[in-house]
Amino acid sequence: MEKKENTGRKYDYYKQDIGDLIEYFSGLDDEKKHLLLNWFGACADYTTAVVEHVVYSHNFVGNSSPSARAEMEELNKKRTRKHNDAIKMTIQLNNILKKASGNAAYFFKLNNINIDDVKQVYDLSSDQRFDLGQLYFQTSSLIASLDDDEVKELGLEDLRNLVDRKVDRYGVKLGKDKESKNVKTADDIYDDISR
Amino acid sequence: MEIMIDFAKIFEINIKSKVGKITNEDYSYLDNEYIKETIKKYLDYKNIKDMNIDYENKQSMLNFINIELLTFLHENNME
C-alpha cells in the first residue's frame, strides 16, 4: 500500500490506521489480540502518568520539601516505567506487523515512526522515545473520542468480544445470568485474568 | 491544577472501557454525575463562564475532557 495522500483530516486517517490495525489483529490468536488491547490500555496509562508528573512538577516548584522531592521522584519513575511498558508492547506489535501484508503492516511508518531495528527499550534514541510518546497520546485521544457506533465500526467491539470468549474456559456463566449476584460477568472475569 | 489528574483518570478509564480493560472499581469514574461535577470544577478553576457543554451526553463530556487534556499535554509535554 502506498502512503495515503494527506487530503483530509488527520484524525480520519489515523482512525483508519487504527481500524486497519484492529482488522489485522482480529485474524490472529487471542494472545496477540490481548497484546493490541493491552497496548491501547498502556497508551492510556502512560498519558495519565505524564499528566500526574507534570501537575506535581508545577506544584514542586513552590514546595521542594524532602517529602515533595520523594513524591516527584516516584512520579518520574512511574512515568518512565509506563513509557517503557508501552514501548515494549510497541516493539512486540511491530514484530507481528513485520509479517503482515495488508494496510496494518504500514501502521508505524504511516505515523513516521521507524523502529524496525529496535529489539530492546534501551536501543531507542531520545527522538524515537519522544515520537512514541506522541503516538501514545494520539492513540489515547483517538480511542477516547470514539462513540459507541465508531467502536463497532472500527471492529473494536468485535475484537473485545472475541477475547472475552476466553472466559468460557474458566467455566463461568456469562450474558443472560448477568443480573444474578452469584454469577460473575465477563468484565469481572476479564479483570481476574488480566491480573 | 490537580483537576487535570481527575481529567486524566476519567480519560484513562474511558479508553479502558472501550478496549475491555475496565475493572469494577473503575466504573465510578464513568458515572455521568461524577464527570459532570468534575467538568464544572475545571470550569471554575479556569474561570470559564461561557462554555456550552451538553451534560446529558456522556460522549460529548468525554470529548471535552479529551480536548482539554490534549491541550494541557501539548502545552507542558516534555516527552
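Every chain is numbered from 1, with letters handed out A, B, ... down the list of sequences. Remember, it's a predicted structure, so these values are computed and weren't measured experimentally.
Within a 6.0 Å radius of NZ in A:Lys98, more than 12 heavy atoms belonging to other residues, nucleotides or ligands are found. Atom CD of A:Glu157 sits in a crowded spot, with more than 12 heavy atoms from other residues, nucleotides or ligands closer than 6.0 Å. Open room surrounds NZ on A:Lys152; 12 or fewer heavy atoms of other groups in view lie less than 6.0 Å from it. No more than 12 heavy atoms of other residues, nucleotides or ligands shown are found within 6.0 angstrom of OH on B:Tyr29.
In this structure, the side chain of B:Lys18 does not engage the main chain of A:Val151 through any donor-acceptor pair within 3.5 Å. Of the possible polar contacts, one joining the B:Asn66 side chain to the A:Ser141 backbone as a donor-acceptor pair under 3.5 Å is found.
Using a 4.5 Å cut-off between heavy atoms, A:Tyr56 touches chain B through its side chain atoms alone. Neither the backbone nor the side chain of A:Asp131 comes within contact range of chain B; no heavy atom of the residue lies under 4.5 Å from a heavy atom of that chain. At a 4.5 Å heavy-atom cutoff, the contact between B:Glu12 and chain A is made by backbone and side-chain atoms alike. Heavy atoms closer than 4.5 Å to chain B are found in both the backbone and the side chain of A:Val55.
Separating the CD1 atom in A:Ile143 from the NZ atom in B:Lys16 is a distance of 13.5 Å, to the nearest 0.5 Å. Separating the OG atom in A:Ser57 from the CE atom in B:Met1 is a distance of 10.0 Å, to the nearest 0.5 Å.
Between A:Ala44 and B:Ile15 the shortest heavy-atom distance is CB-CD1, 3.7 Å.
Side-chain contact check for B:Val19 versus A:Arg160: every heavy-atom pair is 4.5 Å or farther apart. Side-chain contact between A:Gln134 and B:His74 is present, with heavy atoms from C-beta onward closer than 4.5 Å. Proximity of A:Leu146 to B:Gln59: side-chain heavy atoms (C-beta onward) are nowhere separated by under 4.5 Å.
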* To do: Report the C-alpha distance between B:Met4 and A:Val54 in whole Å, list the side-chain angles of each, state the deciding distance to 0.1 Å, and finish with yes or no for side-chain contact (heavy atoms from CB on, under 4.5 Å).
  => CA-CA 10 Å; B:Met4 297 315 297; A:Val54 170; over 6 Å; no
* Starting from the C-alpha separation in whole Å, work towards a yes-or-no answer on side-chain contact (heavy atoms from CB on, under 4.5 Å) for B:Phe7 and A:Val51. => CA-CA 9 Å; B:Phe7 265 19; A:Val51 172; over 6 Å; no
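Put simply, A:Tyr122 and A:Met89 are part of two different groups of oily side chains (I, L, V, M, F, W, Y) that touch within less than 4.5 Å, one to the next. Clustering ILVMFWY residues whenever any of their side-chain heavy atoms sit less than 4.5 angstrom apart, transitively, puts B:Tyr45 in a cluster other than the one holding B:Ile67.
Considering only heavy-atom pairs separated by less than 4.5 Å from chain A, the leading option among B:Ile13, B:Leu70, B:Ile65, B:Leu62 is B:Leu70.
Residues B:Asn63 and A:Ser145 have side chains that never bring a donor and an acceptor to within less than 3.5 angstrom of each other.
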